[in-house]
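Okay, so here's the structure we're looking at.
Note that ligands are numbered from 1 as they come in the structure, with each ligand's atoms numbered from 1 the same way.
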Amino acid sequence: MVILICFSPQMLKIARRKAAHLLKYPDVQVISLGIGDTTEPIPEVITSAMIKRSYALSTMEGYSGYGPEQGEKPLRAAIASAFYKDLGIDEGDIFVSDGAKCDISRLQVVFGSDVTMAVQDPSYPAYVDSSVIMGQTGDFQKNLEKYGKIEYMRCSPENGFFPDLSTVGRTDIIFFCSPNNPTGAAATREQLTQLVKFAKDNGSIIVYDSAYAIYILDDNPRSIFEIPGAKEVAIETSSFSKYAGFTGVRLGWTVIPKQLLFSDGFPVARDFNRIVCTCFNGASTISQAGGLACLSPEGLGAMREVIGFYKENTEIIMDTFTSLGFNVYGGKNAPYVWVHFPSRSSWDVFSEILEKTHVVTTPGSGFGPGGEGFIRVSAFGHRGNVLEACKRFKQLYK
Ligand code: PLP
């Protein structure tokens, strides 16, 4: 039996295509470098902390029920010190969650259906999908006044994957992901300074997604709060998913600085707190024990080792496509390689690769119109599978 797991309409379509392919070729080894799910085991220093916490639940002394909705204090403090040291963010600004995707939707509930929003094009589909669910788009051709619209900020090789802000209309909310999924591009300090100024000038709120910040190798900012003035205009959401293989364990966090206010002066964090307490009762205490272990010196070392492994995969994939003459982007600061197939449809390339190499990739057009002509190859995979996939790519495109 083939089980379909629905992540988004695009992911559902890819899962269907993969399932159909498996039925057609039951004896071939289909390799998935498609969805961005981690594959390597969680280091034991982290799982043993979760085991200890779950065993403690069977004891009178160790049992605990509901925790604080915002997350346990030691974890909030550890996140503040690991990722926001000297940036003026303290544990009170941090909300621990069951993942960045869930927080993106909870933020949309805070913003409501009357706001306008902008996204990088291409970008992680959850921003647009959650906006559509909230009714922020409507039929915007007909109902622009009533529903607002989504502004697609084109990010391409021509503009260094950073939008030309002089052509972007004002919106209430700007979703911005760096390093970006799918392009792998990490914004520079100068670019983020421009973005913060743009938001300040327009009275917009940036929702900055740093789910892949730990993959940054150069000195590009790991957090929007490295940019002066960002605390007055930005929220940051992040996750242990791609840091520590917690895609199934579920743990993330969102930072809403106390300085961030709605136009009427009301703190955004107070509204978010209300939503968190109403729609969510806090992350699993077992996951939080794992998160705390991730941020211990041993945990940080072990996490970086796994990330180093994925980075080697990324290099193998990048070298393969580069040696075949393709223009290849991303990779350096992210676990995604963004390969250009000029003048071709992403879905045609996806089908060609699947049919001829039995490797699942992701068509770029599913991330927005700006992704047309690209495919995303994920570096999340066992080494043998990555090497085998690259061997097949070489046979196909030599
Ligand atoms: N943000 C980006 C940019 C992602 O690519 C993903 C997952 O692929 C997420 C958020 C989701 O993170 P989480 O597993 O914490 O919900």
Side-chain angles (χ1 to χ4, degrees), residues 5-12 14-15 32-39 42 71 75 79 83 94-108 119-131 153 155 161 174-187 206-216 222-224 234-255 276 279-280 282-284 287-288 290-291 294 303 307 310 314 330-331 333-338 361-362 364 366-368 371 376-381:
I5 304 172
C6 179
F7 297 94
S8 70
Q10 145 128 322
M11 288 309 167
L12 181 61
I14 293 171
S32 181
L33 300 180
I35 62 165
D37 198 359
T38 45
T39 54
I42 300 172
L75 179 58
I79 291 171
F83 304 119
I94 292 168
F95 294 82
V96 172
S97 74
D98 52 350
K101 192 182 217 178
C102 318
D103 273 348
I104 289 162
S105 288
R106 283 189 280 263
L107 285 166
Q108 294 281 27
V119 287
Q120 289 152 294
D121 174 24
S123 67
Y124 178 51
Y127 315 132
V128 169
D129 292 349
S130 57
S131 285
M153 305 186 292
C155 297
F161 295 101
I174 303 168
F175 280 95
F176 197 92
C177 179
S178 179
N180 177 274
N181 175 12
T183 66
I206 301 167
V207 177
Y208 188 80
D209 185 337
S210 62
Y212 299 96
I214 207 166
Y215 289 81
I216 295 178
R222 272 106 177 121
S223 164
I224 189 73
I235 290 169
E236 181 164 314
T237 188
S238 199
S239 169
F240 285 90
S241 283
K242 311 300 162 76
Y243 282 40
F246 271 32
T247 48
V249 173
R250 309 303 304 147
L251 194 69
W253 69 91
T254 288
V255 184
V276 162
C279 310
F280 176 58
S284 147
S287 309
Q288 292 190 67
C294 287
M303 254 185 348
I307 286 160
Y310 290 132
T314 315
N333 291 320
Y336 298 123
V337 181
W338 189 236
T361 56
T362 310
F367 298 98
R376 188 194 74 178
V377 185
S378 162
F380 295 123

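With Ser378 contributing its side chain and Gly36 its backbone, the two residues share no donor-acceptor pair below 3.5 Å. At distances below 3.5 Å, not a single donor-acceptor pair connects side-chain atoms of Ser239 with backbone N or O atoms of Gly252.
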- Query: Which is it for Thr38 and Thr247 under the side chain to side chain donor-acceptor pair (under 3.5 Å) test, yes or no, and what are the steps along the way?
  - Reply: CA-CA 7 Å; Thr38 45; Thr247 48; 3.2 Å; yes
- Message: Does Tyr212 form a side chain to side chain donor-acceptor pair (under 3.5 Å) with Tyr336? I'd like the steps, not just the answer.
- Response: CA-CA 10 Å; Tyr212 299 96; Tyr336 298 123; 2.7 Å; yes
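At the shortest separation from atom 7 (C) of ligand 1 among protein heavy atoms lies Lys242 NZ, 3.2 Å. Of all protein heavy atoms, the one closest to atom 15 (O) of ligand 1 is Ser239 OG, 2.6 Å.
In this structure, Tyr212 counts as a contact residue of ligand 1, since one of its heavy atoms falls inside 4.0 Å of the ligand. Judged by the shortest distance from any of its heavy atoms, Cys177 lies inside the 4.0 Å radius around the atoms of ligand 1. Contact analysis puts Asp209 in contact with ligand 1, with a non-hydrogen atom separation below 4.0 angstrom.
When all heavy atoms of Thr314 and Ala379 are compared, the closest pair comes out as OG1-CB, 3.2 Å.
Within the 6.0 Å centre-distance limit, the rings of Tyr127 and Tyr124 are counted as a close aromatic pair. Between Tyr243 and Phe83, the distance from one ring center to the other falls under 6.0 angstrom.
Close approach to Gly99 involves these atoms of ligand 1, each under 4.0 Å from a residue heavy atom: 15 (O), 16 (O). For ligand 1, the atoms sitting less than 4.0 Å from at least one non-hydrogen atom of Ser241 are 13 (P), 14 (O), 15 (O), numbered in the order shown with element in parentheses. Each of the atoms 10 (C), 12 (O), 13 (P), 15 (O), 16 (O) of ligand 1 lies under 4.0 Å from some heavy atom of Ala100.
Checked against a 3.5 angstrom limit, the closest N/O atoms of Asn181 and ligand 1 fall inside it. Considering backbone and side-chain N/O of Asp98, none are found under 3.5 Å from N/O of ligand 1.
Taking only non-hydrogen atoms, the option from Tyr124, Phe246, Phe175, Trp253 nearest to atom 10 (C) of ligand 1 is Tyr124.
For Arg106 and Asp98, the salt-bridge test passes: some basic side-chain N is under 4.0 Å from an acidic carboxylate O.
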